[in-house]
Amino acid sequence: MEPYSEKVIDHIRNPRNMGSIENPDGVGKVGNTACGDIMELYIKVKDGVIIDAKFKTFGCGAAIATSSMVTELIKNKSIEEALKISNRAVAEALDGLPPIKMHCSVLAEDALKAAIEDYQKKASKNG
Amino acid sequence: MEPYSEKVIDHIRNPRNMGSIENPDGVGKVGNTACGDIMELYIKVKDGVIIDAKFKTFGCGAAIATSSMVTELIKNKSIEEALKISNRAVAEALDGLPPIKMHCSVLAEDALKAAIEDYQKKASKNG
Amino acid sequence: MKRIYLDHAATTPTDPRVVQAMIPYFSDIYGNPSSLHSFGQEARTAVETARNQIASFIMARPEEIVFTSGGAESDNAALKGIAYARREKGNHIITSAIEHHAILETCKFLEKQGFQITYIKVDPNGLVDPYDVKKAITERTILVSIMHANNEIGTIQPISEIGKIAKEAGIYFHTDAVQIFGHAPINVDELHVDLLSASAHKLYGPKGVGVLYIRKGTKFTPFLHGGDQERGRRASTHNVPGIVGFGAAVELAKEGMVQEAEKMTSLRNKLIKGILDSIEDTRLNGDPIKRLPSNANISVAYVEGESMLLYLDMEGIACSTGSACTSSSLEPSHVLTAIGLSHELAHGSLRFSLGKFTSEDEIDYVLDTLPGIIEKLRTMSPLYRKETR
Amino acid sequence: MKRIYLDHAATTPTDPRVVQAMIPYFSDIYGNPSSLHSFGQEARTAVETARNQIASFIMARPEEIVFTSGGAESDNAALKGIAYARREKGNHIITSAIEHHAILETCKFLEKQGFQITYIKVDPNGLVDPYDVKKAITERTILVSIMHANNEIGTIQPISEIGKIAKEAGIYFHTDAVQIFGHAPINVDELHVDLLSASAHKLYGPKGVGVLYIRKGTKFTPFLHGGDQERGRRASTHNVPGIVGFGAAVELAKEGMVQEAEKMTSLRNKLIKGILDSIEDTRLNGDPIKRLPSNANISVAYVEGESMLLYLDMEGIACSTGSACTSSSLEPSHVLTAIGLSHELAHGSLRFSLGKFTSEDEIDYVLDTLPGIIEKLRTMSPLYRKETR
Ligand SMILES: Cc1ncc(COP(=O)(O)O)c(C=O)c1O
Ligand SMILES: Cc1ncc(COP(=O)(O)O)c(C=O)c1O
């Protein structure tokens with residue numbers, strides 16, 4: 001396998017926004033143990049802006065780093081902006097991922113989409 | 001290939017009885033360039049005893065050494081004794097040959113047999 | 001930072017005495033052993049000395065030893081060498097589900113060439129039942145290949161029993177002994193093996209040189225075609241320094257392996273006990289008794305292997321994992337799956353493999369370091385819910 | 001005694017600078033490049049550096065370089081790798097009559113597996129006519145393999161022309177460049193090759209490590225099955241010191257090969273002229289111009305090669321011969337036969353191959369020594385009749 005970038009290593013070593021949010025506005029849970037990665041993404045939304053984001057991840061280094069990075073990327077972004085964040089953007093923000101690890105960035109994007117969907121569902125219910 | 005014994009090397013370095021005999025009592029010529037070895041064995045016989053032997057050889061180290069050795073082995077032997085010298089005996093006298101070189105000792109035996117046959121033919125003609 | 005190498009099953013450092021033995025054969029005694037002149041013959045002598053050293057180590061004859069480029073080549077050569085040589089006799093090969101990829105991928109290739117392979121299942125400790133091998137034999141079986149010791153979980157197979165079964169059935173028997181060679185005595189006759197693979201770099205020898213033992217009289221088609229080297233069984237200019245190094249490594253193993261095994265067993269047991277005692281929801285993989293002295297393979301619930309490996313590496317500890325994330329297949333280790341682990345536990349495995357230079361201090365350091373790492377990763381894990389426990 | 005090594009086509013001494021570059025990778029940076037931890041990653045970096053060095057040397061991309069155990073493995077892998085990958089497309093392979101045994105024996109094996117091989121004849125200088133290759137192509141041709149420079153007679157083939165023909169026909173083209181690699185510039189695009197074999201020990205690198213260049217996009221079935229190494233194209237733990245040594249040897253070649261070739265050409269010409277002038281009934285084998293700077297292959301009438309070789313060895317001079325007596329087949333060199341030599345002249349051949357350390361003094365010593373040896377052996381020879389001449 002090609003080596004991880006320094007940025008990936010930094011996010012593995014010091015994951016940002018690790019943990020969960022009590023009473024989150026949206027939660028995305030993706031992955032399964034068969035494929036080896038499970039991610040949970042929690043968001044807190046105020047006036048259409050993601051004011052807090054946290055994650056829990058069972059997975060390899062790339063899974064941790066992409067989870068960590070995606071929470072960083074979406075914080076203080078509007079829901080619309082956050083929806084535009086692709087898996088490539090996550091990987092790029094980490095200065096790239098080894099080819100066989102690109103699926104982890106896909107998982108991070110999926111978790112983000114799932115969390116926003118969950119938020120929108122709840123919002124439309126409450127709205 | 002397995003290495004040559006010291007005795008073989010010695011006979012290559014200092015071949016005994018190299019050359020030909022003028023007016024020999026018997027000559028054996030065996031081998032061909034296709035197989036890579038040609039031997040000529042010359043003998044001088046007196047009262048049924050081989051009193052001189054010489055050889056010429058085109059061939060590898062083992063061919064030279066077996067030619068040289070066979071001349072040594074037959075000198076001062078009776079024709080009957082000489083006929084009993086087998087290729088194995090030649091190889092053994094040289095402290096063995098590499099397996100892929102055993103055919104050279106066969107050639108030496110063949111040359112000896114041919115030379116004696118030639119002698120016997122001549123002898124019966126003259127006799 | 002302290003750096004602790006506990007990945008000896010992946011490769012070992014070359015013993016400095018082995019390197020010293022090799023050095024003259026690079027620039028001084030550099031001839032090609034196939035050359036007739038003195039430069040070649042000197043090199044040849046060195047190769048034959050190494051061959052004798054290795055042959056006597058496993059109670060074989062020198063001419064039964066074929067030098068290769070490593071364990072993978074030996075495995076490929078053994079399987080293909082018998083398969084092609086025995087094709088008219090049959091097309092069925094028996095192996096196990098937990099072999100090294102060098103065996104399993106070769107089997108896959110042979111399947112495409114019309115061979116049929118039976119993959120014997122193992123029990124939860126990773127053991128092959130010799131009786132299962134016996135049952136799998138058919139009229140068309142030409143080869144049985146069962147590894148001696150497993151590279152992931154360290155389980156040691158009943159090779160002698162399996163060999164006896166193959167012998168009675170008149171079928172060639174190969175064992176991949178890469179992991180155990182140089183770490184325990186081996187006698188090819190007692191094991192009833194016809195072919196045996198080994199690799200120098202697993203026993204403090206150099207990388208890139210291996211051995212295939214081929215019992216005298218065994219029908220064998222060369223794998224690497226070309227020159228007359230190795231009595232026509234393996235072409236290519238001899239890797240003289242590598243071969244000399246393999247010989248030297250075997251000499252050191254002869255002397256030291258029994259003591260080393262004792263020392264490693266006790267350190268290894270301390271490591272296993274320490275982890276199982278101090279970290280909950282952990283388990284040992286592989287047979288607790290019939291295992292390599294060097295091997296500690298542990299599954300840690302709720303956390304994934306590669307992340308543990310990376311965190312340990314940050315603390316200077318090198319080990320390996322059977323997690324999918326280290327392979328391009330995205331499948332967790334076939335060995336851990338074969339012994340019945342859940343996907344989660346297979347992903348969450350760590351293999352520590354000790355070496356002859358491993359010290360008790362190093363084991364203590366691992367035992368001090370690992371619990372904190374597991375705790376951190378469990379906090380991060382969605383599978384680990386402190387509150388619900 | 002003076003010892004003069006003129007058998008560089010068999011193998012070269014490892015340059016001491018290469019050995020120095022290798023040393024740290026035995027006992028210090030000893031990780032397995034496939035391991036994720038820092039020990040592994042350091043080793044990985046070293047392997048990738050060597051890959052880059054070698055790729056840039058032949059104008060290839062790093063990912064097109066596959067490390068192997070030597071030239072013979074590269075040749076086996078190239079032929080079998082394409083044969084198995086292209087089997088549905090066709091079963092016909094074109095090669096030449098003067099290839100190395102690693103090619104010819106592999107072809108023989110493939111013939112048994114149902115492939116058809118055309119062996120292109122060569123002219124009296126050992127040259128393949130590209131037009132003959134063109135004519136041999138059929139609908140079922142999947143591969144052309146023609147060596148770059150011949151190991152016995154040194155003849156250099158028109159690879160670029162042959163490559164163009166293969167390319168236009170949409171057929172993969174392999175060249176065995178073992179003898180020329182590191183001794184002359186190579187550009188894989190200009191040569192139009194899809195695969196190329198090289199071996200480190202022919203260019204002052206270590207024995208036991210080679211390279212197979214595989215052009216991006218080439219369909220290829222691995223030869224050595226097993227792990228994920230080399231992007232799935234060649235299994236087995238990397239021979240890290242060997243690979244580092246290959247990289248270092250290539251760096252030295254980049255710097256020195258043009259000058260070395262000039263120096264060797266002039267010494268080689270002096271040697272050839274000296275022998276032909278001073279010893280009657282001798283001839284040069286191979287093309288006088290299109291030949292390796294290092295190679296002088298001479299046939300000496302009336303005497304056999306091995307005996308000359310042994311006599312030269314006794315005087316400290318190491319060379320080789322195409323005589324049957326050095327091979328187990330008892331056939332003289334297939335190359336010398338292919339260029340039309342009689343059995344006698346094929347048996348009576350000597351190959352002197354110079355190296356970068358060869359001095360003029362050494363050449364002079366050979367020129368002083370050889371005539372006496374030939375005279376003695378001719379006196380011994382039944383084919384040489386002074387009197388009848
Ligand atoms: C059991 C087993 N077989 C084969 C191999 C392959 O050996 P090598 O990498 O030396 O080719 C290994 C190690 O990688 C192994 O552990
Ligand atoms: C032309 C050619 N091809 C292939 C080889 C085989 O290389 P190796 O001996 O490194 O496997 C050699 C040298 O032996 C050679 O000269």
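Since we're looking at a predicted model, the values are computed, not measured. A, B, ... follow the sequence lines: proteins, then strands. Residue 1 opens every chain.
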I need the single residue from T95(C), I117(C), L79(C) that forms a side-chain contact (heavy atoms from CB on, under 4.5 Å) with T106(C). Which is it? L79(C)
Side chain, backbone, both or neither: which part of [X] has a heavy atom under 4.5 Å from chain C?
{"X": "L6(D)", "answer": "neither"}
{"X": "Y84(D)", "answer": "side chain"}
{"X": "M22(D)", "answer": "side chain"}
{"X": "K80(D)", "answer": "side chain"}
{"X": "I23(D)", "answer": "side chain"}
{"X": "S38(D)", "answer": "both"}
{"X": "R234(D)", "answer": "side chain"}
{"X": "H100(D)", "answer": "neither"}
{"X": "D313(D)", "answer": "side chain"}
{"X": "V240(D)", "answer": "both"}

Part of I4(C) within contact of chain D (heavy atom distance under 4.5 Å):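 It is the backbone, since no side chain atom gets that close.
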With a 4.5 angstrom heavy-atom cut-off, which part of T221(C) approaches chain D: side chain, backbone, both or neither?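 Side chain only.
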With no hydrogens and no angle check, just 3.5 Å: does a side-chain donor-acceptor pair link [X] and [Y]?
{"X": "H174(C)", "Y": "S145(C)", "result": "yes"}
{"X": "E152(D)", "Y": "S333(D)", "result": "yes"}
{"X": "D176(D)", "Y": "S197(D)", "result": "no"}

Can you tell me which of [options] forms the most heavy-atom pairs within a distance under 4.5 Å of chain C?
{"options": "Q113(D), K112(D), M314(D), K108(D)", "value": "Q113(D)"}
{"options": "T14(D), T12(D), I243(D), N239(D)", "value": "T14(D)"}
{"options": "S199(D), G208(D), P13(D)", "value": "P13(D)"}
{"options": "G210(D), A102(D), A235(D)", "value": "A102(D)"}
{"options": "A77(D), S27(D), C107(D)", "value": "S27(D)"}

With a distance cut-off below 6.0 Å to the six-membered ring centre and an angular limit of 45° from the axis, does K202(C) pair with F181(C) as a cation-pi contact?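 Relative to the ring axis of F181(C), which defines the angle, K202(C) lies outside at least one limit.
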Cationic tip of R3(C) above F39(D) ring, under 6.0 Å, 45° of axis: yes
Carboxylate-amine/guanidinium proximity below 4.0 Å for E315(D) and K2(D): no
Stepwise side-chain hydrogen bond (donor to acceptor under 3.5 Å, both in side chains) test for H238(D) and N32(D): CA-CA 7 Å; H238(D) 287 96; N32(D) 183 327; 5.3 Å; no
When every non-hydrogen atom of C319(D) is compared with those of L312(D), the smallest separation belongs to SG-CD1, 3.7 Å
Top contributor to chain D interface from [options] [non-hydrogen pairs under 4.5 Å]:
{"options": "S236(C), P206(C), G242(C), P241(C)", "answer": "S236(C)"}
{"options": "Y204(C), Y25(C), F26(C), Y30(C)", "answer": "Y30(C)"}
{"options": "N76(C), L104(C), T11(C)", "answer": "N76(C)"}

In Å, rounded to the nearest 0.5 Å, how long is the span from [atom1] of [X] to [atom2] of [Y]?
{"X": "I317(C)", "Y": "L370(C)", "atom1": "CD1", "atom2": "CG", "result": "7.5 Å"}
{"X": "E42(C)", "Y": "S35(C)", "atom1": "CD", "atom2": "OG", "result": "11.5 Å"}
{"X": "E230(C)", "Y": "L212(C)", "atom1": "CD", "atom2": "CG", "result": "10.0 Å"}

